[in-house]
Amino acid sequence: MKRPFLLLLLPIPLLAGSGPQGTPPAPTDSLAREVVPRKHPFDSPLGRAFHDGRRKALAKAVGEGTILLRGAEDTRNYLEFRQSNDFWYLTGVETPGAALAIQTKDARATLFLPAADPFREQWEGPDLSPGKEAAEATGIEDVRDVGEFEEYVDRLKGRGLLYTSFAPEEIHATSRDRASGFERRRSSDAFDGRPGRERAFRAALEKRLGEATKVKDLSPILEELRRVKTKEEIEAMREASRIGGEGHVAAMRATRPGRFEWEIAAAARAVFDRLGSPGPAYMAIVGAGPNSLALHYSRKFRRIGEGEVVLMDFGPEVFYYTADITRTWPANGRWTKRQREVYEACLRAQEETLAAVKPGSTLAELARVTTKALAASGFAAYQRHGPTHYIGMAVHDVGSSAKPFEPGVCVTVEPGIYIPEENLGVRIEDTVVVTASGCENLSGRCPKDPDAIEAVMAGRDPAPAGEGDGPRR
Ligand code: GLY
Ligand code: MN
Ligand code: MN
């Protein structure tokens, strides 16, 4: 792998960095807790049994044929590599340029990894390559050089059904809604026209293998599996929500009239980073005053004014799972009468909607409950978005929106009231998991009672201690 020549000309001490100085910080027990403690850096924090279970469940759901998936390719920027959600879900592997095959009849997996590359390792550090270590880390015994993938594919000619995902991959802070829009624009651009990577893979398979091999879409089957979370996934989401809530408390406490919106995002981001999140689940949305009305406002360059509200919608990713949390608070730490009135109406709508999250309910049913609650306080006309969506590995997670909830389904509950003539936007959003009898609010420890928010901002209340608050709110 070539690096820019200029970089190689830098003086050696600059390239080498200055090395650790002084004593390292004391370990903290608030770091992200692995679901299964890792013994080796390449172990999955959810444990290899989780990924093995997902492969078996997928093989069973598909029924007949061969599953083929390509992992994310290496980055085209100097950002950390992040595996695509589907590939990580099925393998726990974070190596760029990998591929996976599963024979459904016995759920036998073959993992294809790039061969060890000493030059790359000099720059990036060690990575998984075909061999014993990869088999131990993943529990997949058959690990081959990715150079053999082409031949493996060609041998599938005439051997029945082939499944691969036709949906766009989700990598850094990606959800399918955003990625699909991007791909539609690019493929219909008269001066570009590139299809998505998955569409290109499908076309290549069809061309190589001919009519005797039918290539089918894996994504609806995979989406249904991902819609219902296992206990390991719920634990990861609980951890993301805990860290997200702590970030919101830090952001509330960093807020003063005169500060910039980006400073508030930075206060939360510092907490996410310190507690072990590798990156945000989506861009930080922090809007003061008129910017509180823009649903996905991400510029953050306004100076916060006295008497305004600050709306922050921001959550971390932890172990490939996301938290989606919004809180709204008064810039100067004290609600005005009007702000409190609007805020309390939104909070009531959120509480009523949370109470409706249970097995058998649906996304549409929650939207009806929110609208009814907002209508009761006279604010139904001030909604600008639906009050819920699935959440999981992607912040807007996959799954059929018509399906009734069952235990393990995770959704957000996020009513909003937006009053343009008052430059006042209020949204309150939590990440919750459906349980046997209702739901657990995973981000429920993040303050949202209006008095609790004032207390937190005045430094009177301790930061939330940890997990969600058990069943219900
Ligand atoms: N954070 C984006 C959303 O709430 O849907
Ligand atoms: Mn949301
Ligand atoms: Mn949100």
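Whatever order the structure lists them in is the order used to number ligands and atoms, beginning at 1. Just so it is clear, the model here is predicted, and its values are computed rather than measured.
- To the nearest 0.5 Å, atom NZ of residue Lys403 and atom OH of residue Tyr390 are 8.5 Å apart.
- Protein heavy atom in closest approach to atom 3 (C) of ligand 1: Asp324 OD2, 3.3 Å.
- Atoms of ligand 1 lying under 4.0 Å from at least one heavy atom of Glu429, given by number and element, are 4 (O).
- Nearest non-hydrogen protein atom to atom 5 (O) of ligand 1 is His396 NE2, 2.6 Å.
- Cation-pi contact between Arg70 and Phe201: present, with separation from the ring centre below 6.0 Å and deviation from the ring axis of at most 45°.
- With hydrogens left out, the protein atom closest to atom 2 (C) of ligand 1 is His296 NE2, 3.4 Å, a heavy atom.
- Atoms OE2 of Glu429 and NE2 of His389, as seen from the Mn ion (ligand 2), are separated by an angle of 130°, to the nearest 10°.
- In this structure, His385 falls outside the shell of residues with a heavy atom less than 4.0 angstrom from ligand 1.
- Using a 4.0 Å cut-off between charged side-chain N and carboxylate O, Glu170 and Arg226 make a salt bridge.
- Distance check for Glu414 against the Mn ion (ligand 3): none of its N/O/S atoms falls below 2.8 Å.
- The angle subtended at the Mn ion (ligand 3) by OD1 of Asp324 and OD2 of Asp313 is 150°, given to the nearest 10°.
- Within a 6.0 Å radius of CZ in Arg176, other residues, nucleotides and ligands contribute more than 12 heavy atoms.
- Which parts of ligand 1 touch Asp313 is read off a 4.0 Å heavy-atom cut-off, strictly below it: atoms 1 (N), 2 (C), 3 (C), 4 (O).
- A salt bridge links Arg120 and Asp74; the closest N-O separation between the charged side-chain nitrogens and carboxylate oxygens is under 4.0 Å.
- Electrostatic pairing of Asp52 and Arg55 counts as a salt bridge here, judged by a charged N lying under 4.0 Å from a carboxylate O.
- The closest side-chain donor-acceptor pair between His385 and Tyr418 falls under 3.5 angstrom.
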